[in-house]
Structure formats: C-alpha cells, structure tokens
2 protein chains.
Amino acid sequence: MAKPPKENSPITEHLTYLLAHANREINRQLETRLAKEGVPVEQWRILKVLSDGNGHSMGELADAVLLNHPTLTKMIDRMVSDALVYRVQDPKDRRKVLMFVSDRGKALCRRLNSLAVSQEEHIVESYGDKSTTELKRLLESLIGSAN
Amino acid sequence: MAKPPKENSPITEHLTYLLAHANREINRQLETRLAKEGVPVEQWRILKVLSDGNGHSMGELADAVLLNHPTLTKMIDRMVSDALVYRVQDPKDRRKVLMFVSDRGKALCRRLNSLAVSQEEHIVESYGDKSTTELKRLLESLIGSAN
DNA sequence: CTTCAATTGTTGAATATTCAATATTTTCCC
DNA sequence: GGGAAAATATTGAATATTCAACAATTGAAG
C-alpha cells in the first residue's frame, strides 16, 4: 500500500481518496460528539475562530472555516438567530462586515472545545502520540505545498 | 505546530481541521482537473470501483465511495441517464441491486484515471515522494484505527 | 474629480444532500 | 411453515449548498 497509483490502481491507493476517507471518519466522530450541543462542526469552527475577540470579515472567516461565501452567509444567519454571533459593519471599509461572538456564543464555544479536545485525546489513545504528531506535521506541510 | 490541542488552542492545531483543510485543497485540485470531462469526483470513484467488472450492490458501493445511501441512489440515477452505469437485480438476493459499468462508462473512467494519476504525480513533485508515501501510510493506519 | 474596474457580501433560483418513512425481500426462530 | 425482525434500496419532504447575478463600496486611471 501507499505506492504511486497507476491508471489501474484501486482507488484506495490514491492520496485524494485516503484523505477523503480519513476526513470522513474523523469528522463523523466529532459530529457525533458535538451533537450533544446540537451544533454542526462548522459552527464550532466559526465560534473558535471568532473567539479571539477581534472582528473577522466574512471573507476571512470563510477561508478560515473552509466554507464558500454564500454557505457561510447563510450559516451565519442561523447563528445570528440563535444569538451566538453578531454582525458589525466595518467602519474602515463599509463593504465589509465584521463578525463577533456573543457571550452566549463564547459559553457554547467553551463546551464545544472541551468535546473536541476530548475527541482528539481519544484518537491519540488508539492511534498513538507519535503517529498523530507526525500526521499533523505532514498535513500542514501538504497544505502549505498545495496552496 | 502539531501539538496536542488544549481548549484554547487555535483550530489549526486540531487534527480534524488539518484533515478537512488538506482534503479540501486536494479535492479541489482534482475537481478542477475532472471538470475537463464534466464529471464530479464522486462519479470517478464510482466508475473506478465498478471497473473491476464485478457487480457491486448499492450498499457496498456507498461504503466504498464514501456516500450515504440516498445520495448514492440519486447520483446513480443521473449516471444511468448518462448511460455510464446500469442496474441489475441480484438473482441471489432480490433485495439487492448490482451495479455495472457500461462501455461508455469504462471509456470515461480511463480518461478520468489518467487525469487523477497526473494530479497525484503533480502532488508528488512539489510535496516529495517520501512525504507522500509516509502520509499515505499514516492515513491508512488512522482509517484502520478509527473504524 | 469622475468614471470604470475590483472587492465584498448577500440573494434567489437551481441543484444536491439528508432524514424519516416506505416497500420489498430475506432471515430468524418458535 | 408462519410471522416478526432485519437488511436493502428507494422515495419525498425538509434542509443545505452552490452558481450566477446583484448591490454597495472602494480603488485606480485618466
């Protein structure tokens, strides 16, 4: 396994497939945990990014949380309805909208962080500390080289 | 980088995020290439799995190509319309439907395979042979340990 | 300074996905 | 064997995502 794929290699030897497969598994695990709070994974990402307290424009945020712009807009609409985040027009550039977390959003984010950290600890237990660290290093590097 | 995340660690230190990010990048690259043939990545996966010529049930196929059952059913509907695949009721177990590739599907699959292999070669060029092999090994192992 | 292009975010229509419910067939077990 | 439970695939309604078009603001060129 893990050889360079030829035209007739099984799909399981393709990097793109292995990434999709691993991502699906891990994402599902997390999804299951976060369901306790009734929140999709993307909303955890949004809350976490906004947790630095600085305002983030929709564009920045979309990049950071791996969502397309219109998808993010609509997800933010729901989160505003739930009073987790709020919009402020950027005074420096009135095309932009700056997003902030509410107190309610912060409290939720803390609970979600705890669930997420616990998941990763669980992964490390069965998968190993060394492997996890190395995998993360390689993924960062791949992301960097793909840009 | 690549340390065990604490509750207040940035999201970029979470394995789940790194996987989602890397997957998104690589999947987009492939998507762009396959667009030449006007086919989504999932259809390439389906054609490739069916390329062994054996009939695969919808359940098997859904697992293999990382799609939920109803999503697969509807995607297969489209592919049947495009005469890429066809359904045959399993004579051994009439609950099951066995999927097969048509000649047209096979021809398309060959062209898609070529595009996909070329993408992976391109990745290996900029990312390195060693890293790619090691990353694939680790992903396989993670998938195995997650199950 | 004025006009045209680029940037930013949102919207509406088209498309795709998901959840729950259904139909069909098989398996289990008494 | 007969009836309940499990397995398989599909459907329809509800939901979410995407694509293209739009509106608003800023930047840039003449």
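Naming convention: chains lettered A, B, ... in sequence-line order (proteins, then strands); numbering from 1 in each chain.
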Inset, instruction - Please work out which residues in residues 54-63 of chain B have a non-hydrogen atom less than 4.0 Å from an atom of DNA chain D and list them by number. - result: Ser57(B), Met58(B), Gly59(B)

Inset, instruction - Please confirm whether the backbone N or O of Leu67(A) pairs with a side-chain atom of Thr71(A), one donor and one acceptor, at under 3.5 Å? - result: no

Legend entry - Base dT24(C) paired with Arg95(B) side chain (donor-acceptor, <3.5 Å): no

Inset, instruction - Output yes when a side-chain donor or acceptor of Asp90(B) lies under 3.5 Å from a complementary backbone atom of Lys92(B), and no otherwise. - result: yes

Legend entry - Ser81(A) side chain vs Asp77(A) backbone, donor-acceptor pair below 3.5 Å: yes

Legend entry - Atom-to-atom span, CE of Met75(A) to C1' of dT10(C) - whole angstrom: 16 Å

Inset, instruction - Could you check how far NE2 of His69(A) sits from P of dA24(D), rounded to whole Å? - result: 20 Å

Legend entry - Between dT10(D) (P) and Asp77(B) (CG): distance, integer Å: 7 Å

Legend entry - Of the listed nucleotides dT25(D), dT11(C), dT17(D), the one nearest the side chain of Thr73(A): dT11(C)

Legend entry - Sidechain-backbone polar pair: Tyr127(A) side chain, Leu138(B) backbone, donor-acceptor under 3.5 Å: yes

Legend entry - Value in whole Å for how far the P atom of dA9(D) lies from CG of Leu67(B): 14 Å

Legend entry - Side chain of Arg94(B) (C-beta onward), nearest among dT17(D), dT25(C), dT10(D): dT25(C)

Inset, instruction - Rounded off to whole Å, could you give me the NZ-to-P distance for the Lys92(B) and dT26(C) pair? - result: 13 Å

Legend entry - Salt-bridge contact Glu7(B)-Arg111(A) (side-chain N to carboxylate O under 4.0 Å): no

Inset, instruction - State plainly whether one hydrophobic cluster holds both Val117(A) and Val39(A), where clusters connect Ile, Leu, Val, Met, Phe, Trp and Tyr through side-chain heavy atoms under 4.5 angstrom apart. - result: no

Legend entry - Check: Asn8(A) and Asn113(B) side chains under 4.5 Å, non-hydrogen atoms: no

Inset, instruction - Write down the distance between CZ (Arg24(A)) and P (dT17(C)), rounded to a whole number of angstrom. - result: 12 Å

Legend entry - Expected output: side-chain Arg104(A) to main-chain Asp82(A) donor-acceptor under 3.5 Å: yes

Legend entry - Difference in axis direction between the ends of the helix from dC1(C)-dG30(D) to dC30(C)-dG1(D), five pairs, 10°: 20°

Inset, instruction - On DNA chain D, check which nucleotide each of Arg87(B) and Glu42(A) is closest to and give me the residue with the more 5' one. - result: Arg87(B)

Inset, instruction - When you get a sec, tell me which of dT8(C), dG12(D), dT25(D) is the closest nucleotide to the side chain of Lys74(B)? - result: dG12(D)

Legend entry - Interatomic distance, Asn27(B) CG vs dT17(D) P [rounded to whole Å]: 16 Å

Legend entry - Short N-O contact, Glu134(B) and Arg137(B), less than 4.0 angstrom: yes

Inset, instruction - Starting from C1' on dT17(C), measure out to CD on Gln43(B) and report it in whole angstrom. - result: 15 Å

Legend entry - Any Asn68(B) side-chain nitrogen or oxygen under 4.0 Å from OP1 or OP2 of dT18(C): yes

